[in-house]
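Notes to accompany the following structure.
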Amino acid sequence: MALKFKAPRGTKDILPDEIAEWRLVEESFRKKCAQYGYREIRTPVFEDLGLFERTAGETSDIVQKQMFAVMPYGLRQQFEDERWVLRPEGTAPVARALLEHGLLQQLPLVKVFYIAPIFRYERPQAGRLRQHHQCGIEAIGSLSPLLDVEVIALGFDFLMSVGANGFVINLNSIGCLNENCRPRYRQVLIEYLKSREAELCEDCQRRLQTNPLRVLDCKEEGCQAVVKDAPISVDFLCQDCSEHFETVKKGLDELGIRYELNGRLVRGLDYYTRTVFEFVHPKLGAQSTVLGGGRYDGLIAELGGALTPGVGFGCGIERVLLVRQANSQTKLEDTTVDAFIAIASPVAENLAQKLLYELRAAGIRTDRDYLGRSLKAQMRYADKLGARFVLILGEDEMRDGFVTVRDMQKSEQWREPFDKIVSTIANALSERILTKT
RNA sequence: GCGGGCGUAGCUCAGGUGGUUAGAGCGUCAGGCUGUGGCCCUGAAGGGCGCGGGUUCGAAUCCCGCCGCUCGCCCCA
């Protein structure tokens, strides 16, 4: 079909049949966050471009080529200096909001979570969209390695709770900004890479100048061979970072959360320090990271706040849904209504409408026929909507003052007086709920 | 931005070497049971065969271009 308009490339409509899945994931996440003492925060979908240049890094791919500009369309020439962009990641906006409203002054440790759309201008592929949705957490104010453990544990618990098991946790520490830590490692790495520069791909030869750490996760064969023997950051951690990392590992061991050390794990955003982690799932194809995050001890200071450490993660909801599918989690189905009013004769119209109103007021999800179709068609429709009860109103019912109630599950039906109908249905439905749980 | 695959009804797909009004299953609607769902049977509606151009007496089918989708590279959730 050659329709005039389609959803923009890399975006997806989430249709009514899919909503149950989304709700399950979102509500499970909210519940899990509440258990861990995190509160929800919501920030605008667009922010000042500078916020991301500052935090993610000017050389990061996100800032260089993946952001959508936002401006009043008709006046775009005049708005060149108003540099707004759709949020390309979740952490910086949250940090900005906490700083702006002084929340970091009100509590020594602030723990928040968000569920939000994220936008990146990329070529779509399996598990990668231009608009996707992330749920994430940020814990700001403590240097404790056990907080890193908590953050990873929350991610672990959450994914398990929605049936997204089967992932592997990759763990690494990329050190801090102390000159005898990451900078020293960086120097060693550069020297090593330079000694084998000819074997590196074009991109990596460029990265050698801009962001040498990212040569480590290049997938080119030649680079892999070089990286295999490259020095690893954990061997160059300063005393503090080393102890921190040991405690993180021990903490995870204590909880029985398994992980794999991955010295080549470096993340694409500049603000990360010390602990970094990715939850990857083997069944996900090329875009295999379901959840990723780490510590960002310099971020708040970078935004003009006091030197305040933090740690958090972001988790791609679409990818969680893909994992659930790969795990063949049975697809959730939800019914549209509990009751349906079938109108077998026009003389019942008025009463039907009144009854409909009363049932709804009693909290019962109810609908009726508006198309004047045959009773058979109305029954079929009611069945399709998943109605447990169909209330039939026709000439007989109007004459003798009752409603024919059909229990669609049991295939039984009976006569119910007008004045009893709402309470009867309400009771029957609440019993169902009780026996179900 | 660069590669590979694909583009026929709402959905999933058939349509050897080009040949009369383009098919199936599911879904939708109607009927079989004129007041009753899920099964079964019958029938109907619904497609300018992604768009544009070319070859040909004739193209969904061959050629070219464009667009879109999809899977990879890059990077990430």
Side-chain angles (χ1 to χ4, degrees), chain A residues 1-3 5-12 15 17 56 59-66 88-91 115-136 155 159 164 167 201-204 206-207 211 214 217-221 223 265-269 278-281 284-293 313-323 340 342-345 348 369 371 373-398 404-413:
Chain A
M1 254 244 287
L3 288 174
F5 298 107
K6 302 164 98 172
R9 157 167 265 196
T11 67
K12 285 246 192 303
L15 303 174
D17 279 347
T59 61
S60 66
D61 276 44
I62 285 181
V63 168
Q64 286 201 328
K65 53 186 188 188
Q66 297 183 344
E89 68 100 23
T91 300
I115 301 175
I118 303 284
F119 304 84
R120 286 182 207 162
Y121 188 86
E122 303 181 87
R123 247 339 240 289
Q125 71 185 75
R128 189 220 272 155
L129 297 163
R130 287 183 173 177
Q131 174 179 348
H132 74 279
H133 302 262
Q134 281 186 24
C135 51
L159 289 177
F167 52 82
C201 71
E202 228 175 275
D203 284 334
C204 284
R206 182 173 44 76
R207 288 195 188 108
N211 199 339
R214 264 197 287 156
D217 63 0
C218 181
K219 279 142 200 143
E220 290 288 325
E221 232 176 90
C223 303
L265 174 61
V266 293
R267 299 184 42 82
L269 305 171
E278 278 182 5
F279 292 31
V280 300
H281 200 285
L284 232 42
Q287 310 302 321
S288 59
T289 303
V290 185
L291 184 154
F313 71 69
C315 176
I317 297 179
E318 282 85 351
R319 289 186 188 173
V320 171
L321 263 19
L322 288 174
V323 170
F340 187 88
I343 300 162
S345 163
D369 169 76
L371 300 174
R373 301 207 290 172
S374 69
L375 184 61
K376 180 193 182 72
Q378 294 185 48
M379 295 298 290
R380 239 196 324 239
Y381 185 57
D383 188 46
K384 189 142 290 174
L385 297 184
R388 172 67 190 277
F389 296 103
V390 175
L391 315 186
I392 300 168
L393 278 177
E395 284 175 15
D396 298 349
E397 286 82 357
M398 293 306 288
T404 299
V405 180
R406 182 172 181 81
D407 182 327
M408 299 291 272
Q409 231 167 61
K410 295 182 182 165
S411 297
E412 296 166 353
Q413 64 187 51

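Only heavy atoms go into these numbers, but all of them, side chains included; no hydrogens, no water, no symmetry mates.
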Would you tell me if any nitrogen or oxygen in the side chain of K12(A) comes within less than 4.0 Å of OP1 or OP2 on U70(B)?
yes
Pick base, sugar-phosphate or nothing for E397(A), based on heavy-atom distances below 4.0 Å to the nucleic acid.
base
Distance below 4.0 Å between R373(A) side-chain N/O and A30(B) OP1 or OP2
yes
Using a heavy-atom cut-off of 4.0 Å across all strands, would you classify G394(A) as base, sugar-phosphate, or nothing?
base
Take atom CE of M379(A) and atom C1' of C33(B), then tell me their distance rounded to the nearest Å.
14 Å
With rounding to the closest Å, how many angstrom separate the P atoms on G58(B) and C73(B)?
46 Å
Taking CG from D61(A) and C1' from G1(B), how many angstroms apart are they, rounded to a whole number?
12 Å
Would you classify L291(A) as touching base, sugar-phosphate or nothing, given that sugar-phosphate means primed atoms plus P, OP1 and OP2, and contacts are heavy atoms under 4.0 Å?
sugar-phosphate
Between P on G37(B) and CG on D407(A), what's the gap in Å once rounded to a whole number?
15 Å
Kindly say whether, by distance alone, the side chain of Q125(A) makes a donor-acceptor pair under 3.5 Å with the base of U70(B)?
no
Would you classify Q66(A) as touching base, sugar-phosphate or nothing, given that sugar-phosphate means primed atoms plus P, OP1 and OP2, and contacts are heavy atoms under 4.0 Å?
sugar-phosphate
G46(B) and C29(B): how far apart are their P atoms, nearest whole angstrom?
16 Å
Given G35(B), G31(B), G68(B), identify the nucleotide with an atom nearest to the side chain of K6(A).
G68(B)
Sugar-phosphate only, base, or nothing, as touched by R267(A) at under 4.0 Å among non-hydrogen atoms
sugar-phosphate
Looking across every strand, which nucleic acid part, if any, lies under 4.0 Å from R380(A) by heavy atom: base, sugar-phosphate, or nothing?
sugar-phosphate
When you get a sec, tell me which of A77(B), G38(B), A30(B) is the closest nucleotide to the side chain of Q134(A)?
A77(B)
If you only use heavy atoms from C-beta on, which nucleotide in G35(B), C73(B), A30(B) is closest to the side chain of E395(A)?
G35(B)
Examine the base of G68(B) for any acceptor or donor lying under 3.5 Å from a partner atom in the side chain of R9(A), and report the outcome as yes or no.
no
Tell me what G127(A) touches on the nucleic acid: a base, only sugar-phosphate, or nothing, going by heavy atoms under 4.0 Å.
base
C1' atom, G23(B) versus A9(B): distance in rounded Å?
10 Å
Just call it for L129(A): base, sugar-phosphate, or nothing, with non-hydrogen atoms closer than 4.0 Å on any strand.
base
Separation of D383(A) atom CG from G27(B) atom P, in whole Å?
12 Å
Measuring to OP1 and OP2 of G31(B), would you say a side-chain N or O of K376(A) lies under 4.0 angstrom away?
no
Once pairs are restricted to Watson-Crick or G-U wobble with both distances under 3.5 Å, how does RNA chain B read as a dot-bracket string, [ ] for crossings and | for other-strand pairs?
(((((((..((((.....[...)))).(((((.......))))).....(((((..]....))))))))))))....
Considering only heavy side-chain atoms of Q413(A), the closest of U36(B), G72(B), G35(B) is U36(B)
Out of C71(B), U36(B), A77(B), minimum distance to the side chain of H132(A) belongs to A77(B)
Counting the atoms with a prime plus P, OP1 and OP2 as sugar-phosphate, which does A126(A) contact under 4.0 Å by heavy atoms, base, sugar-phosphate, or nothing?
sugar-phosphate
Do the side chain of E122(A) and the base of G1(B) come within less than 3.5 angstrom through a donor-acceptor pair of N or O atoms?
no
What's the CG-P distance between L391(A) and G37(B), to the nearest Å?
17 Å
Work out how far the C1' atom of G10(B) is from that of A45(B), and round it to whole angstrom.
13 Å
In whole Å, what separates the P atom of G50(B) from that of G16(B)?
15 Å
When you compare G4(B) with C41(B), how far apart are their C1' atoms, in angstrom units rounded to a whole number?
47 Å
Spacing between R123(A) atom CZ and G3(B) atom C1', to the nearest angstrom
9 Å
To the nearest angstrom, how far is H133(A) atom NE2 from A77(B) atom C1'?
12 Å
Answer with yes or no whether S411(A) presents, from its side chain, a donor or acceptor under 3.5 Å of a partner atom in the base of G37(B).
yes
